[in-house]
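For reference, the structure is listed below as structure tokens.
Letters A, B, ... are given to chains in the order of the sequence lines, protein chains preceding strands, and every chain is numbered from 1.
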2 protein chains.
Amino acid sequence: MSIDGQLPPKARLLRAAAELLANSGGSPISTRQITQQAGVTAPTLYHHFGDKEGLFDAVVAAGFDEYVAGERDFAPSGQPLEDIRRMWDNHVQFGLKQPELYLVMFGNIRPESRPAIVADAEALMEEMLNKAAVSGQLNVPPKEAARSILAANVGMTLMLIAEKAPERNLELSAMTRDAMIFAVSTEQARDTGSVDSGKSSVVVAAIALNAALQASHSDQLSSSELKLFLEWLHRISNSSTS
Amino acid sequence: MSIDGQLPPKARLLRAAAELLANSGGSPISTRQITQQAGVTAPTLYHHFGDKEGLFDAVVAAGFDEYVAGERDFAPSGQPLEDIRRMWDNHVQFGLKQPELYLVMFGNIRPESRPAIVADAEALMEEMLNKAAVSGQLNVPPKEAARSILAANVGMTLMLIAEKAPERNLELSAMTRDAMIFAVSTEQARDTGSVDSGKSSVVVAAIALNAALQASHSDQLSSSELKLFLEWLHRISNSSTS
DNA sequence: CAGTTCATATAGCGTTGCTATAGGTGCTAG
DNA sequence: CTAGCACCTATAGCAACGCTATATGAACTG
């Protein structure tokens, strides 16, 4: 059951902690579980890592390296804002792929004490935003832009993690992402695969329809018919928002 | 030292838990602390609240009432999107005023399990966004808009709480807020030429119709009108594929 | 080979959330 | 008035938690 490879105890502790965390499903894991899985006794853990938090910090640091690796892979596209977009998506993917680790990294908020990892992630994003600022694409100082974008990015990722897997809607993430990037950028020509092009005649009819509906506060509609109608409307509104 | 008023033990437990939580500075508080401060022994707590989480849920419920009260105070301004703006700010203020309580409410994220409180807050915001949708101001279904805005709102608040008080920059919150609201709204004073025709597409109309219908409680349209509307919608959706 | 340092183990401390059991309290029925 | 009953609270203690004082072994250094 335990990890009995030739690895030194320190590495075995790290690995055991990471594995147990990944399979914990969110429930807290104890030092006894970790030391047992690593085939080691308690004092060894505290000798190497000081305390439980120290061990988890080490796990987080390793996880962050992976996180950074993912960010760097996408980095050199020449268009800084496009890179920011990819950083956002990579951030979300990282959180969804390893939710427990992500929650340890970004979910342990305490008043007036920022996890070091958040500052690192912010610096990473700020670095990228700096390139955008140099080429005059930023509307806001890079530091503040990074803060805002990362805050929204974390919030979005936390929300997605909290949702059950089949209900997760990544389009919400994309929309929020573009909204944040647009807000800090100077380029006012938006191109996020927009749907609205050449529909001015449709607009008139839609508005008229809307007005007619709101004006009709008197008649009746059977619930089954209403259901059908709602379903139809829902399908339309959803099929076009993608 | 303990709370020895004439209040029943249940209320004293609630009060003790809330007070200890508010003054804990983020460090976890024990059931023994709570029961001692309430002048009560352990089984009393478990008789009334089941377990520690049950007690905290009750504290959270009380806190949420206060939260909702703050939201409702600002509600009726006539301009739904302006109300959303105020809801955002109230959310942030609530989090900064009672960070420990806020963290219990919105910070205890676990994979695939949404705190009930988040769903409530989302419903509150969706309700307001529904008004915006009815008047054709929404670009996105209210439910998804509420999800996105609330996710960013929580992310921003968590980030502000984690920062040390003097360093908190509320302008970042305002910028993010406006970016999110702008992203889901139709009032787009940007992009290409045609400004005052409004950019509302068939999507906007469908969303508005959907919201209006849901608000109408199913007895305001005759079946003949329904047929007519369906026909109109059909014509619109066909012409939009040009 | 003696001394020092690093690394691990034995055993146990204090605290945690929680509970099996029992006793007291206030109500209503006879 | 009292018997019974449901409700509430206390005594005492369990298992699991994070952590450590102390001791023992191994490995390098002089």
Contacts of A/R110 that satisfy side chain to side chain donor-acceptor pair (under 3.5 Å) - sequence neighbours left out: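 Applying side chain to side chain donor-acceptor pair (under 3.5 Å) to A/R110 gives none.
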Parallel, tilted or perpendicular: rings of A/F182 and B/F182 (30°, 60°): parallel
By side-chain contact (heavy atoms from CB on, under 4.5 Å) - contacts of B/N169 (at least two apart): A/E144, B/E171, B/L172
Residues which pass side-chain contact (heavy atoms from CB on, under 4.5 Å) with A/P115, listed by chain and number, not counting sequence neighbours: A/I117, A/V118
Nucleotide [N], atom [atom2] - distance to [atom1] of [X] in whole Å:
X: A/R12; N: C/dA7; atom1: CZ; atom2: C1'; result: 12 Å
X: B/I29; N: C/dT16; atom1: CD1; atom2: C1'; result: 13 Å
X: B/F56; N: C/dC18; atom1: CZ; atom2: P; result: 10 Å
X: A/Q36; N: C/dA9; atom1: CD; atom2: P; result: 13 Å

Salt bridge check, [Y] against [X]: does any charged N sit closer than 4.0 Å to a carboxylate O?
X: A/K97; Y: A/E66; result: no
X: A/R114; Y: B/E167; result: no
X: A/E19; Y: A/R12; result: no

Sugar-phosphate only, base, or nothing, as touched by B/P28 at under 4.0 Å among non-hydrogen atoms: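 Contact class for B/P28: none.
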Touch class at under 4.0 angstrom, heavy-atom based, for A/S30 against every strand present: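 Sugar-phosphate, no base atom in range.
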Selection: residues 43-55 of chain A, any non-hydrogen atom under 4.0 Å of DNA chain C: A/P43, A/T44, A/H47, A/H48
Check residues 47-54 of chain B and write down every donor-acceptor pair under 3.5 Å in which the side-chain atom is one partner and the other belongs to a residue at least two apart or another chain.
residue: B/D51; atom: OD1; partner: B/G54; partner atom: N; Å: 2.9
residue: B/K52; atom: NZ; partner: B/I29; partner atom: O; Å: 2.8

Range on DNA chain D touched by chain A - first to last nucleotide, heavy-atom distance under 4.0 Å: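 For DNA chain D, the relevant span reads D/dC17 to D/dA21.
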Given C/dT8, C/dG12, C/dA9, the nucleotide with the shortest approach to the side chain of A/R32: C/dG12
